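Below you'll find the structure, written out as structure tokens, and then a few comments.
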Amino acid sequence: MPEMPDVEGFRAVLAEHGAGRRVERVEVADAGVLRDVSARRLERSLRGRRLGDPERHGKWLITGTDGPALLMHFGMTGELHWAGPGQERHRHDRVVFAVDGGELRFRDMRKLQGITLAERPDGISRVLAGLGPDAAGIGRADFGGMLGGGRRAVKAALIDQSVIAGLGNLLADEILWRARIHPRRPAGDLEPADRARVHGQLRRVLRAAIPAGRVLDRARWLTGSRDADGAQCPRCGATLARDRVAGRGTVWCPHCQPV
DNA sequence: TCAGTTGTTTATAT
DNA sequence: AATATAAACAACTG
């Protein structure tokens, strides 16, 4: 269920259980998640390597080693699990990294994205090329000009990874709902005050979601209400609207977020 | 049986 | 040129 905060949670798993340890073994149970690397090369390149501190950029998780860097993207259904000795494998555990004391397991049902290797630092730059700055580090002054002056929907700009790296469908809806901006509003129409509000809510949502390691589904959040049948706005009680915006299932409040 | 899904890329259309 | 839409990837749910 990864949005960027979920990836931050996976980073924490890697930092706790992987960083500083050697990879004893790599098992590729399903090569369908490997991108631009064979199972054999992944195993040979990482076995015996010591893992560094993992970093995140957008939805990518990057782990340096004393060899090549390991890059993971979780798509829509990827997860990273830590498993102690004797824990049963899950049917969707596609790649397993054995380290001292247990296993890091890359689990992914749909295999939409996956794992690759990169020679540092050029290879990492190549993988991340085209991504905008990470959503968690964007200052208010920078944000003002980032959505662009065009006519495309503000939601489309927010989830465009080349504009800002890390915002997904749920986060974009949550941020716009809190900023009281209709998702279809043309990005170029936003006044400076609107942009400041979107930025402020972006910071607020991420500040809460990143430490939790997931997009919060509290009842007072849109994310906690959006899936219910005939769902109501947690703020005003109006029935939430839903439609496709920027090609994605989108939820907003017709009362709080007028066109 | 059919539509839908929290991501990304590519092709095609406007 | 900028923007929008659909499909594809793959697997599962309701």
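Just so we're on the same page: letters track the sequence lines, and every chain starts at 1. Since this is a predicted model, take the numbers as computed values, not measurements.
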For a quick check of understanding: with a heavy-atom distance under 4.0 Å over all strands, which category does A/R242 fall into, base, sugar-phosphate or nothing?
nothing
Let me know the distance between CG of A/L222 and C1' of B/dT6, rounded to the nearest Å.
13 Å
Given A/D173, which partner from the list A/R248, A/K155, A/R242 fulfils the salt bridge (charged side-chain N to carboxylate O under 4.0 Å, His left out) test?
A/K155
Once each nucleotide of nucleotides 7-14 of chain B is scored for protein heavy atoms under 4.0 Å, what B/S/- sequence comes out, 5' to 3'?
BS------
Residues A/E174 and A/R226 bridged, charged N to O under 4.0 Å:
no
P-based separation of C/dA6 from B/dA3 [nearest Å]
13 Å
So, are A/K111 and A/D108 salt-bridged, with charged N and O less than 4.0 Å apart?
no
Tell me the interatomic distance from A/R151, atom CZ, to C/dT5, atom C1', rounded to whole angstroms.
16 Å
With a 4.0 Å limit, can you tell me whether A/H92 has a side-chain N or O closer than that to the phosphate oxygens OP1/OP2 of C/dA10?
no
note: A/R91, atom CZ; C/dA10, atom P; distance rounded to Å ~ 16 Å
Separation between the P atoms of C/dT5 and B/dG4, rounded to whole Å
15 Å
Does atom CG (A/D36) have a neighbourhood of more than 12 heavy atoms from anything else shown, all under 6.0 Å?
no
Side-chain N or O of A/K111 versus OP1/OP2 of C/dC9: is the shortest distance under 4.0 Å?
no
For the P atoms, the ones on B/dT6 and on C/dT3, what distance do you get once it is rounded to whole angstrom?
24 Å
Rounded off to whole Å, could you give me the CG-to-P distance for the A/L147 and C/dA2 pair?
16 Å
Across all strands, who's sitting opposite B/dT6 as a Watson-Crick or G-U wobble pair, both distances under 3.5 Å?
none
Atom of A/W252, atom of A/R184 and distance for their closest heavy-atom approach:
CH2-NH2, 3.9 Å
For A/E8, is there an ion pair with A/R11 - N to carboxylate O distance below 4.0 angstrom?
yes
Whole angstrom value for the distance that separates P of B/dT5 from CE of A/M109:
13 Å
Nearest heavy-atom approach of A/I115 to A/V37 is O-CG1, 4.0 Å
Gap between atoms CG and P, on A/D108 and C/dC12 respectively (whole Å):
11 Å
Nucleotide C/dA10, atom P - distance to CG of A/L34 in whole Å
14 Å
Between A/R244 and A/G149, which is nearer to the 5' end of DNA chain C once each is assigned its nearest nucleotide?
A/G149
Measure the distance from NZ on A/K155 to C1' on B/dT6 and round it to the nearest whole Å.
10 Å
